[in-house]
Amino acid sequence: LGNLYDKLVKYAQSDFYPYHMPGHKRQPLEGFSEHLTELDITEIEDFDNLHHAEGIILQAQQTVAEAYGVEESFFLVNGSTSGILSAVSAAVPFGGHLLISRNCHKSVFHAAYLRHLQLSYVYPKINQEFDICEAVTPDQVEEMLQCNTDIQAVLIVSPTYEGRIADVSGIAEVVHRRGIPLIVDEAHGAHLGFSEGFAKNSGRLGADLVINSVHKTLPAMTQTALLHCNGNLVSRDKLKRFLNIYQSSSPSYILMASIEQAVQTAAERGEMFQNFREEWMRMLQQLKKLQCIKIPAEATGGNAQDVGKLVISTKGTDMSGKQLADMLRNRYHLEMEMACETYVLAMFTIGDSREGFTRLTEALEEIDRDLCRKNKVGTGAFTETVEMMSYIDVTPDIPFFQAWDREKEFVNLYSSKGRLAGEFIHLYPPGTPIVVPGECITEEVINRINSCLKAGLEVQGVYKREGRTEPAVRCIIQAEICNDI
Ligand SMILES: Cc1ncc(COP(=O)(O)O)c(C=O)c1O
């Protein structure tokens, strides 16, 4: 026992640099005591109660709402996950119908499971050059709403994990024409709307409910998040009820104070955003010169791509994203946010130092030189055979909340074509499903999973069984085979 703490302390003393969450980048929190236990209290006199805020917590939430330009904000101490569960539960009646972008975080699916919702999907376009999902568009949402007139709310993710930003005001207009609410999972956008050169936040662009993970992109402790509300399409009473259900009854005052401090920093320290943007642009100027490793041209920011999310593509080279992330970790002591078959994702925030920008730039320049030299004689074998799967528009035979509860059996992955998935299969991070329970396992799905496994990635929902060499997935029992493949 005691190993976790010791390991954390040892890691804190090392020279590893974090290109991942939390947004404070393991630096001291501005204006925060070093002795955290001094601040760690429970609901004592004069300190209000998150679940019935009418004093100091209410005031802090009101200040935060002003900073984001929304009507009302709620502190979340159980991450955006608790905000998403509450938002979906309050916006759609039990057994109702929700339209979501297919690349949503698993918490959206979990909300639908708990509330027995019928899900319809907007399928984001796949950017084939970089193998990432684009943001969904107003036209795509409009088309789905025209075909499904009983949809009761829409949920999109913006920015996406890779930083793609949707036309939120356009989508809000389309959604509001039907008189239904728009929920934006803006977990990756707590830093938006505070400074020039960064996109506006969705609360100012007409969304009814917006969820931010403060810990992801601002200097705040892990698990800190916000739920913002506008308008009256979603009952605030219901929202409060669900926040009460899904959040701890002992909310941490340290986490709540950390939200307040981080938002204050964002609202008052515009120079931090400007420094951040300047460092970012300087880094991109250098990275644009790389010959074999590629970064998306849109990374320079603007309305469609967030500043701070760096997609580093190895597509077309002999190196997988996972191999690049391993090399950055082992050789340079740089830890990435995420790695998949053909790219690595590095995250930057206002918490980054110049050292962070420089160390990654120099490491990538060196790796790029080696890669180009080798690639002249290389096969390019890795990326030629791997293509990101485009989502197949399938309507499952059984609603997914029922499918997830059905009896399941292990099936060899390579013999599972045509079977109905009994579980989610996804890479974590980012936690967006390759397959949802009840969906058909197609050849394309098997190939995608296989390529992830070949690239050494951990795929949740795929099992190694004792004594067997081939991977297995869990499928719904009894000869349910889908015909439409
Ligand atoms: C798009 C998206 N939404 C929601 C979440 C959940 O956020 P949290 O970890 O704050 O609960 C994540 C987490 O990675 C995410 O990527």
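Hydrogens, waters and symmetry mates are skipped; everything else that's a heavy atom, side chains included, is used. Just follow the structure's listing: the first ligand is 1, and inside any ligand the first atom is 1.
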Requested in this report: Assert yes or no for the condition that the ring centre distance of Phe276 to Phe198 is strictly below 6.0 Å.
Outcome: yes
Query raised in the report: Taking the side chain from Glu186 and the backbone from Pro159, do they hold a donor-acceptor pair closer than 3.5 Å?
Result: no
**Report entry** Under-4.0 Å heavy-atom contact with ligand 1, by part of His215 that carries it
**Finding:** side chain
Report summary line: Val157 heavy atoms within 4.0 Å reach ligand 1 at atoms 1 (C)
Requested in this report: Going by the side chain to side chain donor-acceptor pair (under 3.5 Å) test, name the single residue among Asn103, Asn127, Thr160 that passes it with Glu134.
Outcome: Asn127
Query raised in the report: Is the shortest distance from a heavy atom of Lys216 to ligand 1 less than 4.0 Å?
Result: yes
**Report entry** Atoms in ligand 1 with a heavy atom of Gly79 nearer than 4.0 Å
**Finding:** 10 (O), 11 (O)
Requested in this report: Take Glu341 and Ser451 through the test side chain to side chain donor-acceptor pair (under 3.5 Å) and record every step on the way to the result.
Outcome: CA-CA 7 Å; Glu341 299 109 295; Ser451 79; 3.1 Å; yes
Query raised in the report: In the protein, what heavy atom is nearest to atom 11 (O) of ligand 1, and what distance, to one decimal place, separates them?
Result: Thr81 OG1, 2.6 Å
Report task. Take the angle between the ring planes of Tyr113 and Phe400 and call it parallel below 30°, perpendicular above 60°, tilted in between. Result -> tilted
Requested in this report: Using a strict cut-off of 4.0 Å, indicate which atoms of ligand 1 neighbour a heavy atom of Ala187.
Outcome: 2 (C), 3 (N), 4 (C)
Query raised in the report: Strictly by modelled atom types, are Gln140 and Tyr123 linked by a side-chain donor-acceptor pair under 3.5 Å?
Result: no
Query raised in the report: For atom 6 (C) of ligand 1, which protein heavy atom lies nearest, and how many Å away is it?
Result: His105 CE1, 3.4 Å
Query raised in the report: Side chain or backbone of Asp185 under 4.0 Å from ligand 1, or both, or neither, by non-hydrogen atoms?
Result: side chain
Query raised in the report: Where is the nearest protein heavy atom to atom 8 (P) of ligand 1: which residue, which atom, and how far?
Result: Ser80 N, 3.4 Å
Query raised in the report: Between Val184, Ile183, Leu155, which is the residue that forms a side chain to side chain contact (heavy atoms under 4.5 Å, CB included) with Ile211?
Result: Ile183
Query - Mode of Ala225 contact toward ligand 1 - side chain, backbone, both, neither (heavy atoms, under 4.0 Å) - result: neither
Query raised in the report: Nearest protein heavy-atom contact for atom 16 (O) of ligand 1: which residue, which atom, what distance?
Result: His188 NE2, 2.7 Å
**Report entry** Per-residue contact class, Ile84 against ligand 1 - non-hydrogen pairs under 4.0 Å
**Finding:** side chain
**Report entry** Residues Glu162, Lys309: salt bridge by 4.0 Å N-O rule
**Finding:** no
Requested in this report: Could you list which atoms of ligand 1 come closer than 4.0 Å to a heavy atom of Ser213?
Outcome: 7 (O), 8 (P), 10 (O)
Query raised in the report: Polar-atom distance check: Ser107 versus ligand 1, any N or O pair below 3.5 Å?
Result: no
Report task. Tell me, please, whether Phe348 has Lys25 positioned over its six-membered ring: NZ or CZ under 6.0 Å from the ring centre and within 45 degrees of its axis? Result -> yes
